[in-house]
Amino acid sequence: MQEKDTLIRFGISMPQTLMEQFDARIVEQGYDNRSEAIRDLVRKALLEPSLIRGDQLAAGTIVMVYDHHISDLPMVLTELQHDYHREVNSTLHIHLNAKQCLEVIVVRGIVSRLRELQQRIQVQKGVYYAELSVTHVEGGMEDHTHDHPHTHSHHHEHHHGYGHGQGQGHEGEPSL
Ligand code: NI
């Protein structure tokens, strides 16, 4: 998709009340028209991690909340991130309260590996929440086309935020 993509027009049938709810919502969000709102919904749906093939190359985040008082959990989580050091680009750690930590891991790699890491984190005792969000698929939709000025997601692939200012010193080591 190097060239500007062809726009296809098509009709959608929808119950009136659903359409009215949708229109009210997109006006609130600042959309000028339904088409752009629907395109964004489709793009979001296509980035749903479960719909992306395991062999695709992607970037995204794993967000997790855990209890750092659970015996060796912080060590286990650090070990895990070292096991996936090629996929883990950066880690941001926030001490939520006396007990809980919020961690955002920026990941980039083969989707099956990213899923594997998320699952290995999720199953640890003391991890309350662990979710993988895929925000960019390499060579995916519209990788090189810019037919709409409102979406900026694909302009960010060269920004690497090393946001690991606080906490454990060995976090966020550069991947090789
Ligand atoms: Ni903490």
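Because the structure is a prediction, the values reported are computed rather than measured. Every number for a ligand or one of its atoms is a count from 1 in the order of the listing.
- No more than 12 heavy atoms of other residues, nucleotides or ligands shown are found within 6.0 angstrom of CD on Q16.
- With sequence neighbours excluded, the residues that form a salt bridge (Lys or Arg N to Asp or Glu O under 4.0 Å) with E116 are R113.
- Sorting the N, O or S atoms of H93 by how far they are from the Ni ion (ligand 1) puts NE2 first.
- Because the distance cut-off is set at 2.8 Å, H68 fails to qualify as a neighbour of the Ni ion (ligand 1), as none of its N, O or S atoms comes that close.
- A search for side chain to side chain donor-acceptor pair (under 3.5 Å) contacts involving Y31 returns D40, not counting sequence neighbours.
- H95 contributes atom ND1 as its closest N/O/S atom to the Ni ion (ligand 1).
- Proximity of T61 to I105: side-chain heavy atoms (C-beta onward) are nowhere separated by under 4.5 Å.
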